[in-house]
Amino acid sequence: MSVVVKSRGLVVPAALKDEVGAAVKAVGSSWWGERLWRGPSGEQVSGQEVADHLGKTIARLERAGWRRKWFDDVEPGEPSPVDELSESSSVRAVVRAAVWALKEFAGSGDRRLTLLSALADGVDDDTWMVSSRLMDLVLATRLGVPRANVTSWSERQGRTFDEVRDLAAVAAEVARRTGPKAGDR
């Protein structure tokens with residue numbers, strides 16, 4: 001079987017087993033140190049909390065649907081109504097753009113979520129920030145670069161949901177292996 005770990009629907013494919021090991025080493029030698037696991041409030045987030053949150057994030061994306069980025073339904077080179085606005089736009093053009101944006105964000109439009117919106121939805125800032133920071137570190141290790149931003153990576157043209165899910169699965173396993181235990185505050 002090609003499963004390293006399965007938790008809340010996250011499966012690390014066997015092909016990524018070495019990536020988990022490399023990311024575990026990167027977390028251990030990261031300049032973040034213990035700060036990696038502290039949110040903006042100063043409180044510590046456990047590895048299991050991060051792993052559970054990443055599992056819920058992917059489950060949310062599977063339910064709602066994933067979109068690479070906001071406004072990705074506009075074809076490249078084709079402006080959205082908002083893009084068409086300028087200082088000389090008519091009231092009608094402004095109203096049209098506002099109605100379009102409201103439909104997009106208020107629910108009558110596309111309900112799919114970006115990785116960022118799914119990561120931040122329904123969780124405290126500490127868990128969201130630590131989860132995102134860990135994904136940044138795992139991604140940087142994967143790419144062999146000093147720093148990477150998971151939000152920018154997930155929005156890159158051509159990115160697939162399978163790639164996003166695999167990165168979250170690796171990060172969840174790394175969190176379980178390297179993160180502090182719940183009582184270690």
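Note that these values count all heavy atoms, side chains included, but never hydrogens, waters or copies made by symmetry.
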If I compare all heavy atoms of [X] with all of [Y], which pair ends up nearest, and what's the gap?
{"X": "Thr160", "Y": "Trp66", "result": "C-CZ3, 3.6 Å"}
{"X": "Arg68", "Y": "Arg156", "result": "CD-O, 3.1 Å"}
{"X": "Leu134", "Y": "Ala171", "result": "CD2-O, 3.4 Å"}
{"X": "Arg38", "Y": "Gly42", "result": "NH1-O, 3.0 Å"}
{"X": "Arg142", "Y": "Asp166", "result": "NH2-C, 4.3 Å"}
{"X": "Gln44", "Y": "Pro180", "result": "NE2-CB, 3.2 Å"}

Report task. Give the C-alpha distance, both sets of side-chain angles, the deciding distance and a yes or no for side chain to side chain contact (heavy atoms under 4.5 Å, CB included) between Ser131 and Thr127. Result -> CA-CA 6 Å; Ser131 298; Thr127 305; 4.1 Å; yes

Requested in this report: Report yes if some heavy atom in the side chain of Leu167 is under 4.5 Å from a heavy atom in the side chain of Leu139; otherwise report no.
Outcome: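 SC-SC contact between Leu167 and Leu139 confirmed.
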
**Report entry** CD-OG1 distance between Glu62 and Thr57, expressed to the nearest 0.5 angstrom
**Finding:**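 Atom-to-atom, Glu62:CD and Thr57:OG1 are 11.0 Å apart.
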
Report task. For the pair Arg159 (side chain) and Trp153 (backbone), establish whether a donor and an acceptor sit closer than 3.5 Å, ignoring hydrogens and angles. Result ->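 Yes, Arg159 side chain to Trp153 backbone: donor-acceptor pair under 3.5 Å.
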
Query - Thr141 (side chain) donor-acceptor with Leu137 (main chain) under 3.5 angstrom - result: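 Confirmed, Thr141 side chain pairs with Leu137 backbone.
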
Any residue meeting side-chain contact (heavy atoms from CB on, under 4.5 Å) with [X], in chain and number order, not counting sequence neighbours:
{"X": "Thr151", "value": "Leu116, Asn149, Glu155"}
{"X": "Thr178", "value": "Val24, Val27, Trp37, Val174"}
{"X": "Ala140", "value": "Val145, Ala148"}
{"X": "Ser154", "value": "Leu115, Val164"}

Query raised in the report: Quick one: do Arg133 and Asp136 make a salt bridge, cutoff under 4.0 Å?
Result: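 Salt bridge between Arg133 and Asp136, a charged N being under 4.0 Å from a carboxylate O: no.
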
Report task. Carefully, step by step, assess His53 and Leu119 under the rule side chain to side chain contact (heavy atoms under 4.5 Å, CB included). Result -> CA-CA 8 Å; His53 176 58; Leu119 269 172; 3.9 Å; yes

Query raised in the report: How would you list all residue pairs meeting salt bridge (Lys or Arg N to Asp or Glu O under 4.0 Å) that involve residues 114-127, not counting sequence neighbours?
Result: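 Residue pairs with at least one partner in residues 114-127: Arg60-Asp121.
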
Report task. Let me see the working for Asp52 and Gln48 under side chain to side chain contact (heavy atoms under 4.5 Å, CB included), right down to the final yes or no. Result -> CA-CA 6 Å; Asp52 289 347; Gln48 191 60 51; 2.8 Å; yes

